[in-house]
Amino acid sequence: MGLTQALADAITRQEGFFPGSVSYQANNPGNIMDMAYYKQTGKFRVQTYATLEDGRAALEKLIDNYIAAGHTLTSFFAKYAPSGHGDNNVNTYVNNVASWLSIPTDVPLAQISQQVGEGVGVTDLPVGDPMAPAVSTSSAGGVNLPLLALMGAAGAAIWWWLGD
C-alpha cells in the first residue's frame with residue numbers, strides 16, 4: 001500500500017467514519033467540507049458524494065495535492081484539520097497518524113512517499129518516537145487499517161484552500 005492510501009485510511013480512522021456517522025451518510029470518509037456552501041453562507045457542512053468511492057477518491061486526490069505541495073505530516077494537518085475549528089487538535093491528529101503509520105512528523109511527505117515507492121513499507125520508515133505502538137502490516141509492508149474504525153475524533157474539517 002502506498003502512502004496516499006495509508007494516509008487516507010488513517011484519516012478515515014481519525015475522523016470517526018462508521019455506519020451512522022455524518023461522514024458515512026455523506027460518503028465522505030475524510031469529512032471534507034463543502035467549500036462552495038461555505039463561500040455562499042459562511043457556514044461549514046460536510047461535502048456529500050454520490051458514492052463512497054467518489055468520497056475516497058476526493059480524499060486521495062487532496063492527500064496527493066498536499067504531498068506534491070511539500071507538506072510534512074505536521075503542516076499537512078495544520079491545514080487539513082486546524083486547531084480551533086470544531087473539536088480539532090492538530091497535535092492529537094499528527095501524533096495519532098504518525099503512530100498508526102510509524103512515520104516521522106517533520107519529513108516532507110513526498111520524501112516518505114518516494115521511499116515507499118522504492119519498496120520501503122510505511123511501517124519500515126524511521127519514526128520520531130521509538131515507543132509508538134506498532135500497526136499491523138500486510139505482506140507487502142503496507143499499513144492495514146480498517147476502513148470503518150470505530151474510534152477517532154469526529155467533526156474535523158478540511159478548509160485547506162481558505163486563504164490560498
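- Closest of all the heavy-atom pairs between Leu73 and Pro104 is CB-O, 4.1 Å.
- When all heavy atoms of Ala81 and Val90 are compared, the closest pair comes out as O-CG2, 3.4 Å.
- Residues satisfying the side-chain contact (heavy atoms from CB on, under 4.5 Å) test with Thr4, not counting sequence neighbours, are Glu60, Ile63, Asp64, Ile67.
- In this structure, the side chains of Leu7 and Val97 come closer than 4.5 Å at one or more pairs of heavy atoms.
- Interatomic distance, Leu3 CG to Ile103 CD1, rounded to the nearest 0.5 Å: 5.5 Å.
- Residue Thr105 comes nearest to Ala98 through the heavy atom pair CG2-CB, 3.7 Å, listed as atom of the first residue, atom of the second, then distance.
- Closest heavy-atom contact between Tyr24 and Gly20: CD2-N, 3.5 Å.
- Taking all atoms of both residues into account, the shortest heavy-atom contact from Pro29 to Phe17 is CA-CD1, 3.5 Å.
- Closest approach of Ser23 and Gly16 over heavy atoms only: OG-O, 4.5 Å.
- Every residue meeting the side-chain hydrogen bond (donor to acceptor under 3.5 Å, both in side chains) condition with Thr72, not counting sequence neighbours, appears here in chain and number order: Ser75.
- Within the 3.5 Å criterion, the main-chain N or O of Leu109 finds no donor-acceptor partner in the side chain of Ser113.
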Considering only distance and modelled atom types, tabulate donor-acceptor pairs under 3.5 Å from the side chains of residues 42-50, sequence neighbours left out.
from: Arg45; atom 1: NE; to: Asp34; atom 2: OD2; distance (Å): 3.2
from: Arg45; atom 1: NH2; to: Asp34; atom 2: OD2; distance (Å): 3.3

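- Phe77 and Tyr80 have perpendicular rings, their planes meeting at more than 60° on a 0 to 90° scale where under 30° would count as parallel.
- Rounding to the nearest 0.5 Å gives a distance of 9.0 Å between CD1 of Ile11 and CZ of Arg56.
- Partners of Asn96 under the side-chain contact (heavy atoms from CB on, under 4.5 Å) rule, at least two apart in sequence or in another chain, are Gln14, Thr92, Trp100.
- Residues passing the side-chain contact (heavy atoms from CB on, under 4.5 Å) test with Asn91, sequence neighbours excluded: Asn89, Asn95.
- Checked by atom type and distance alone, the side chain of Asn28 never pairs as donor or acceptor with a backbone atom of Gly55 at under 3.5 Å.
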Open item on the list: Checking Glu15 against Tyr93 for the side chain to side chain donor-acceptor pair (under 3.5 Å) test, could you report, in this order, the C-alpha distance in whole Å, the side-chain angles of both residues, the deciding distance, and whether it holds?
Closed with: CA-CA 9 Å; Glu15 291 294 337; Tyr93 218 122; 2.6 Å; yes
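- With sequence neighbours left out, Gln5 forms a side-chain hydrogen bond (donor to acceptor under 3.5 Å, both in side chains) with no residue at all.
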